[in-house]
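So the structure is just underneath, and the comments pick up after that.
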Amino acid sequence: MTADVRGDPIAHAGGRSAAFEYLTTKKDELVGWARKFSLFPYPFVTACCAMEFMAVSSSPYDTDRFGAALPRFSPRQADLLMVVGTVTHKQAPVLRRVYEQMCEPKWVMAFGVCATSGGFYRNYAAVQGIDRVIPVDIYVPGCPPRPEMVIDGIMRLQGMIARSKHPIVTDTF
Amino acid sequence: MPTALETLAEALAVDGRPARIEHGLLIVEVAPDAVAMTAARLAAELAFDLLLDVTAIDWPERPLRFDVVWHFYSTQRRLRVRLKTAVPERAAAVPSLTTLYGSAAFMERECHDMYGIGFVGNDDLRPILLYEGFVGHPLRKDYPKEREQPLVPYRTP
Amino acid sequence: MKPPPLATLPNPVRPAFAPEGEGGPVIVNIGPSHPATHGTVQIIAALDGERVVRTDVHAGYLHRGFEKECESHTWHNLIPYVDRLNYVSALINDFAYCDAVEQLMGVTITPRCRYLRTLLSEYSRLVDHLTCIAAGLMELGAMTAFLYLVMVRDYMYEHLANLTGARVTYTYGRIGGLARDLPADWLTRLADILDKYEVFVARVHGLIDRNRIFIDRMRDVGVISTADALHWGYTGPILRSTGAVLDLRRDTPYLAYAELDFEVPVGIKGDNYDRYYVRMREMDESVHMIRQLMEMLPAGPINVDDHRCTFPDKQLVYTEIESLINHFKLVMDGPAVPAGEIYVAHESPNGELGFYLVSTGGGVPYKVHVRAPSFVHMGGVHKMLEGYQLADIVPTFGSVNMIGGECDR
């Protein structure tokens, strides 16, 4: 059995007719469409990039157009973790805990070059990219990135969500 | 007619030598046991009401390895004073100024974090910029810049 | 199938006090990732009902090793790092740092550069105060005022990007001058933006100043006296809000401030409302100063003619061996700064921003230490929090305007 069908309860029972394939594909498309337009971001704001995050989320750039307007400050209610700025070793346990508290399905955006790779802070204090601590779906480099880049990042993430599988039952649920 | 800075330099003479003036700032160099007394004089007699900064400099090749540096500002005189003392690595401790200036508490914690200087009289020297469990003092010249001490085990990619 | 167990993670801090059990104060943790603390700070508070009895403030969640990083870069290459200290007003950091290095080298900047730096410092102060007030108001629920202020701030960001090439972190200062001169029509657009600013800020005054909710949340909350403020090392708008007329721009004039006409606004009793109003008035003074400077700005070069720090013209680097070597030495070895120590302070939007530089006579600093106002303020912020309600932590903390990059470095 491959990983792709593990979440599909009927597939476990055996037969996979053409009609069934068609239905599950349509189901993934439908759920993906719904999910990509209802991103609730949790801004894990630490550093300089916060200034651009403020600009992105307010009137001049307006992420509301992508259904990603309403920041949720509780990780339980969010499905997009935006790590905005440098994460240090002191901060890493906090970031890891916030990520663990988020419910599936969840995505992570590394906002800015520090979150992506540590940026030009190559020393004892900065984590060299948050992907050493939590998995990341999309990287938006820049120091800080221009709002247009962030919007591009959100749109690419939406594309990824639309194209991916959305199992109803997963290993952990 | 001496300037305000020169008058103050006379007032802050150590062993009969007036304080140095450098880049518009008075520099008073004292022994570690005279720090508390000098700071008390600055605060009480000479109206230096703002403690600006506490830091240290690491000179690994010198017998007195650390220079501990304080900066004071007087809001009345509009002048700055730098107080310096040198301590060896074995006895890297100076008196705390927390009784004179509340702001000393955090700055001394930072200096303790970064250089491992002890401040006698400051009983709260928990890490402030670093974290619990960090070994060493990163601003000492012998601490390698890229030695990381992660708190969270890294993921396997 | 059961979800994987949560990892046991170490606590990076050790609280100063522990719960006392039944009947004792309730311990509440706020931060370091909390919507109401704009900045990565952690406050552990002991509560008696809704009242805050004791707080333990932890900074350092954004400690990026700035000072260690400085010891392995040339004096020039530090400028981007310096920018990211107080990232809301990066230009003031730039100019304070460049000023310190220039004084150590004995370089005098050109008149045009001096006036331009003053103008841009005030412009940066405007951006910083706008951000502080916008964020503080948003936390109290004043979303309209936030959108107005961020809108005008965005005009300024784009305008500065036109000059420097970046919206937030500019890397515009150079030792001995500036990266480039003003583009065409930059000052015309500046005058335009200042007019817009006045329209937007007048709306915010109308919405907020006499708003009952705002006054109830801000008046007599987070009060600090002048004596306490000095004892805890407060400088800048917080010290001025207590009624003390202390401003480095007036007391120890640097750049072109001695030639400008401006007032130092002060508060009455040092509460949150005074801090809000002092910032609003300071922005007006900044606009007043910028308008004077636009008139005063002389023509001429922006970089000093000193081969120790100024990069030669690019055209000469390609055609002349002396300039090529000069460029090479400046890039590889860094500017030769004579041995010595210096402390230079500028009035940043948060207070006294001091650079303490130690040079042993080379292209790389021996030590760079920043006297960051936010860090010192965090050492005394418990004085403003204790004795008030839990909900008052939000506006008080917002009015202190802690900036993580500068606080933790």
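Below, chain A is the first sequence line, B the second, and so on; all start at residue 1.
If you measure heavy-atom distances from C:Val376 to chain B, the contacts under 4.5 Å come from the side chain alone. With a 4.5 Å cut-off on non-hydrogen atoms, B:Val69 touches chain C through its side chain but not through its backbone. In this structure, the portion of B:Leu25 lying under 4.5 Å from any heavy atom of chain C is its side chain and not its backbone. Neither the backbone nor the side chain of B:Leu79 comes within contact range of chain C, judged by heavy atoms closer than 4.5 Å. Only the side chain of C:Leu246 has a heavy atom closer than 4.5 Å to any heavy atom of chain B. Interface residue C:Glu67: backbone and side-chain heavy atoms are both found under 4.5 Å from chain B. Interface residue B:Asp58: only backbone heavy atoms are found under 4.5 Å from chain C. The parts of C:Glu341 that come within reach of chain B are both its backbone and its side chain, each placing non-hydrogen atoms under 4.5 angstrom from that chain. In this structure, chain B has heavy atoms under 4.5 Å from both the backbone and the side chain of C:Leu104. With a threshold of 4.5 angstrom between heavy atoms, C:Ala372 does not approach chain B through any atom at all. For B:Arg77, no part lies near chain C; criterion is any non-hydrogen pair under 4.5 Å. In this structure, the portion of C:Asp56 lying under 4.5 Å from any heavy atom of chain B is its side chain and not its backbone. Residue C:Asp228 does not touch chain B at all, counting heavy-atom pairs closer than 4.5 Å.
One finds the SG atom of C:Cys407 at 7.5 Å from the CD1 atom of B:Ile128 (value rounded to the nearest 0.5 Å). How far OG of B:Ser103 is from NE2 of C:His377: 10.0 Å, rounded to the nearest 0.5 Å. How far OH of B:Tyr131 is from CG of C:Asn11: 13.5 Å, rounded to the nearest 0.5 Å. Rounding to the nearest 0.5 Å gives a distance of 4.5 Å between OH of B:Tyr73 and CG of C:Asp251.
Looking at heavy atoms from C-beta onward, C:Phe375 lies in side-chain contact with B:Leu129 at the 4.5 angstrom threshold. Side-chain contact between B:Thr55 and C:Lys367: present, with at least one pair of heavy atoms (C-beta onward) separated by less than 4.5 Å. Annotation: side chain of B:Lys145 is not in contact with side chain of C:Glu71 (no heavy-atom distance under 4.5 Å). The shortest distance between side-chain heavy atoms of C:His369 and B:Glu110 falls below 4.5 Å. Put simply, the side chain of C:Tyr356 reaches to within 4.5 Å of the side chain of B:Ile57, judged on heavy atoms. With contacts defined as side-chain heavy-atom distances shorter than 4.5 Å, the pair B:Val152/C:Leu9 qualifies.
When each of B:Leu130, B:Leu51, B:Thr75 is scored by its heavy-atom pairs under 4.5 Å with chain C, the top score falls to B:Thr75. Ranked by heavy-atom pairs under 4.5 Å with chain C, the first of B:Glu22, B:Met107, B:Arg82, B:Arg109 is B:Arg82. Note on C:Gly380, C:Ala16, C:Gly354: by heavy-atom pairs under 4.5 Å with chain B, the leading option is C:Ala16.
Side chain of C:Arg14 to backbone of B:Arg126: no donor-acceptor contact under 3.5 angstrom is found. Between the side chain of C:Arg371 and the main chain of B:Asp53, no donor-acceptor pair closer than 3.5 Å is present. A donor-acceptor distance shorter than 3.5 angstrom exists from the side chain of C:His231 to the backbone of B:Gly102, with no hydrogens or angles considered. In this structure, the side chain of C:Lys68 engages the main chain of B:Pro138 through a donor-acceptor pair within 3.5 Å.
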CA sep, side-chain torsions, deciding dist, call: B:Leu52, C:Tyr343, side-chain contact (heavy atoms from CB on, under 4.5 Å): CA-CA 11 Å; B:Leu52 292 175; C:Tyr343 178 89; 3.7 Å; yes
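In terms of heavy-atom proximity, C:Pro12 sits nearest to B:Leu151 at CB-CD1, 3.9 Å.
Within 6.0 Å of the CD atom in B:Glu148, the count of heavy atoms belonging to other residues, nucleotides or ligands exceeds 12.
Using cut-offs of 30° and 60° on the angle between ring planes, the pair C:Tyr366 and B:Trp59 is parallel.
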